[in-house]
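Chain A is the first sequence line, chain B the second, and so forth, proteins listed ahead of strands; every chain is numbered from 1. Treat the numbers as computed from the prediction; the structure is a model and nothing was measured.
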Amino acid sequence: MLDAALLRNDLDTVVQGLAKRGVTFDQEAYQGLDAARRRVIQEAEALKAERNRVSDEVARLKRAKEDASHLIAAQAEVGRNLKALETAEKEAEAAFKAFMATLPNLPHESVPVGKDEHANVEVKRWGTPKAIEKPLDHVDLGTKLGILDLDRAAKLSGARFSILKGAGAKLERSLVSFMADLHAQAGWTEVLPPYLVLPECMYGTGQLPKFEQDLFKTHRGEDPLYLIPTAEVPVTNMYRDEILPAEQLPIRHFAFTPCFRSEAGSYGRDTKGIIRQHQFHKVELVAFATPEQAADELENLTLQAERILEALELPYRRMLLCSGDMGFSSRKTFDLEVWLPSQDTYREISSCSWFGDFQARRANIRAKAAGGKPQPLHTLNGSGLAVGRTWVAILENYQQPDGSVKVPKALQPYMGCDVIR
RNA sequence: GGAGAGAUGGCAGAGUGGUCGAAUGCGCCUGACUCGAAAUCAGGUGUGGGAGUGAUCUCACCGGGGGUUCGAAUCCCUCUCUCUCCGCCA
């Protein structure tokens, strides 16, 4: 949620910021909703003030044992009027809020302006892809090794699910443990949250109301419950409706969770293999910072994700996303892309974002310095890393001519072997 | 699944229809005392919205929603959550 005060005081900044995303701001609709809202609030308040005055007068008279029946009779009418006004007030507030909730975050000034991923900027490249002759992709490698079974997975759950077996299953678990250990050693605090959350949580981080079609939805009794698309949702919402002492910031959490995505609208993309699944594992980094700390914290968080790739000796590059390619809630995003020999290109394996106070405003997460006023804090998060895609990257980058796969040194203690064959 | 008890400010905890945004204690801030500190004393100390250049005025908030009433923290309905006991269960 954008700051309502910013819209009121500096609408140009908002209009220009949204334009960078290719979003046209409907000024007429905004001004109409805002004016209607304020008008009805003032009307209702004036009437309530009047009612309160008369009620106080009734109380005074009754205490003095005097007759107040004429006031009481006159007030009955006011009560009826007020009921209608309060309904109008709620509707006006809801309409205004609904409008605000559809506006994406404004890009940070350092974000390049562009329409789509072609305008993203490479800011860093690490490692050199090994020369592999006629590289196999992870599906061929995994299937031949007997550690990946997509056909039977389809039998269980349809497309975009997978079964890992033997060393494949162990590789997934090893990666999770390895990543978690590395983050814990760096001082991040592990969290193991629920995988089903209330709609409020999805609203807080920005998935709702706009992106319901991307979510898996279930229910408990009559009440809706959503499967998390990322640990960002439960971990960020841990502090919803709270005021944290500013001295505690930055707060750094990481969480290993499954992620569930309907992938609506991506039917043609990445249909082969396990790059794009309805269910996958992710170790997620989530940080809460003061506005002053936030820019450095984005760098810190991104570096933490990069450490995993470097420890696994996987070549990657860091991309600064342009305004048109960023997620709805993001103010600035770095994507980490890992080298995939079979595709002869880099593919996204992590996305590290700084949300400014956009999520904190929606989720009502604030920080208060001693003697200061509560202010929305800044939230950040990033994958550290997407486990399934790391699994893919290891198979493809560490493949050997005989179809076996070497185990990265850092992972050998977890795997208990140095090669998968 | 059954029975019962609860939810009040940063915390603890009063308040069962009007002078209650809410006693009291703790915590925190300011001042006095002191060379300084502790102790003591005095004062202050919630959040959000609306109007106004401003001092300020005003509205809402006692778990959520609805109702009764001139007036609700207080009465009624409903939901959620927490705790205790019984049953079931990974």
Side-chain angles (χ1 to χ4, degrees), chain A residues 1-10 30-101 192-204 208 218-226 234 237-249 251 258 357 360-377:
Chain A
M1 181 96 79
L2 297 176
D3 186 357
L6 183 65
L7 270 80
R8 192 177 296 177
N9 302 326
D10 189 5
Y30 163 72
Q31 272 149 359
L33 288 167
D34 189 41
R37 164 177 165 272
R38 285 200 258 176
R39 192 183 333 108
V40 71
I41 285 173
Q42 284 170 39
E43 269 181 58
E45 280 199 2
L47 199 56
K48 281 187 221 174
E50 174 61 18
R51 179 202 62 192
N52 290 347
R53 265 192 297 279
V54 175
S55 290
D56 284 349
E57 181 63 12
V58 170
R60 199 188 60 76
L61 288 174
K62 289 215 165 179
R63 249 176 285 125
K65 305 262 192 259
E66 292 177 37
D67 179 47
S69 53
H70 60 293
L71 287 178
I72 291 173
Q75 278 301 92
E77 178 66 20
V78 171
R80 277 189 292 278
N81 292 342
L82 198 51
K83 205 146 282 176
L85 258 182
E86 278 180 335
T87 305
E89 187 181 356
K90 268 180 204 163
E91 282 168 3
E93 291 272 23
F96 181 76
K97 212 180 160 197
F99 175 85
M100 293 291 287
L192 208 152
Y195 308 148
L196 292 167
V197 298
L198 301 169
E200 299 86 291
C201 295
M202 292 296 181
Y203 178 84
L208 290 181
T218 180
H219 53 87
R220 176 173 59 181
E222 300 290 301
D223 302 323
L225 219 41
Y226 293 89
N237 278 283
M238 276 170 63
Y239 300 108
R240 199 177 68 236
D241 295 322
E242 290 192 32
I243 301 173
L244 305 172
E247 309 84 69
Q248 283 182 10
L249 301 176
I251 292 172
D357 59 17
R361 227 174 262 291
R362 293 170 82 99
N364 190 28
I365 308 171
R366 291 171 293 174
K368 181 175 170 302
K373 293 216 68 168
Q375 298 285 350
L377 47 68

Output the rounded distance in Å from [atom1] ([X]) to [atom2] ([N]).
{"X": "A:R240", "N": "B:rC81", "atom1": "CZ", "atom2": "C1'", "answer": "13 Å"}
{"X": "A:E93", "N": "B:rG50", "atom1": "CD", "atom2": "P", "answer": "8 Å"}
{"X": "A:Y239", "N": "B:rG10", "atom1": "OH", "atom2": "C1'", "answer": "17 Å"}
{"X": "A:I243", "N": "B:rG9", "atom1": "CD1", "atom2": "P", "answer": "12 Å"}
{"X": "A:K48", "N": "B:rU69", "atom1": "NZ", "atom2": "P", "answer": "19 Å"}
{"X": "A:K368", "N": "B:rG9", "atom1": "NZ", "atom2": "P", "answer": "16 Å"}
{"X": "A:L82", "N": "B:rU58", "atom1": "CG", "atom2": "P", "answer": "17 Å"}
{"X": "A:D56", "N": "B:rU19", "atom1": "CG", "atom2": "C1'", "answer": "8 Å"}

Next on the checklist: If I take atom CD from residue A:Q75 and atom CD from residue A:E50, how far apart are they, to the nearest 0.5 angstrom?
Outcome noted: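 The CD atom of A:Q75 sits 6.5 Å away from the CD atom of A:E50.
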Next on the checklist: Going by purine N1 to pyrimidine N3 plus the second Watson-Crick contact, or the G-U wobble pair, all under 3.5 Å, which nucleotide sits opposite B:rU80?
Outcome noted: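 Partner of B:rU80: B:rA7.
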Checklist entry - Is there a Watson-Crick or G-U wobble partner for B:rA51 with both distances under 3.5 Å, and if so, which one is it? => result B:rU56
Strictly below 4.0 Å: does [X] bring a side-chain N or O up to OP1 or OP2 of [N]?
{"X": "A:K373", "N": "B:rG48", "answer": "yes"}
{"X": "A:R220", "N": "B:rU80", "answer": "no"}
{"X": "A:R366", "N": "B:rU47", "answer": "no"}
{"X": "A:N52", "N": "B:rG71", "answer": "no"}
{"X": "A:R8", "N": "B:rG50", "answer": "yes"}
{"X": "A:R53", "N": "B:rC57", "answer": "no"}
{"X": "A:K83", "N": "B:rU68", "answer": "yes"}

Checklist entry - Given that A:I72 and A:D223 both sit by RNA chain B, which one's nearest nucleotide is further toward the 5' end? => result A:I72
Checklist entry - Which residue lies toward the 5' end of RNA chain B, A:Q42 or A:L71, if each is placed at its nearest nucleotide? => result A:Q42
Checklist entry - With the threshold set at 4.0 Å, does a side-chain nitrogen-carboxylate oxygen contact exist between A:R60 and A:E57? => result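 Between A:E57 and A:R60 there is a salt bridge, with a charged N closer than 4.0 Å to a carboxylate O.
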Within the 4.0 Å heavy-atom criterion, would you say [X] contacts the bases, only the backbone, or no part of the nucleic acid?
{"X": "A:V58", "answer": "base"}
{"X": "A:R60", "answer": "nothing"}
{"X": "A:R361", "answer": "nothing"}

Next on the checklist: I'd like to know if the side chain of A:R37 and the backbone of A:A95 have a donor-acceptor N/O pair within less than 3.5 Å.
Outcome noted: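 No.
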Checklist entry - Is A:N9 reaching over with its side chain to a backbone N or O of A:A5, donor-acceptor style, under 3.5 angstrom? => result yes
Checklist entry - Which nucleotide sits closest to the side chain of A:R63: B:rG50, B:rU19, B:rG71? => result B:rU19
Item to check | Heavy-atom closest pair, residues A:A92 and A:V40 | outcome: CB-CG1, 3.7 Å
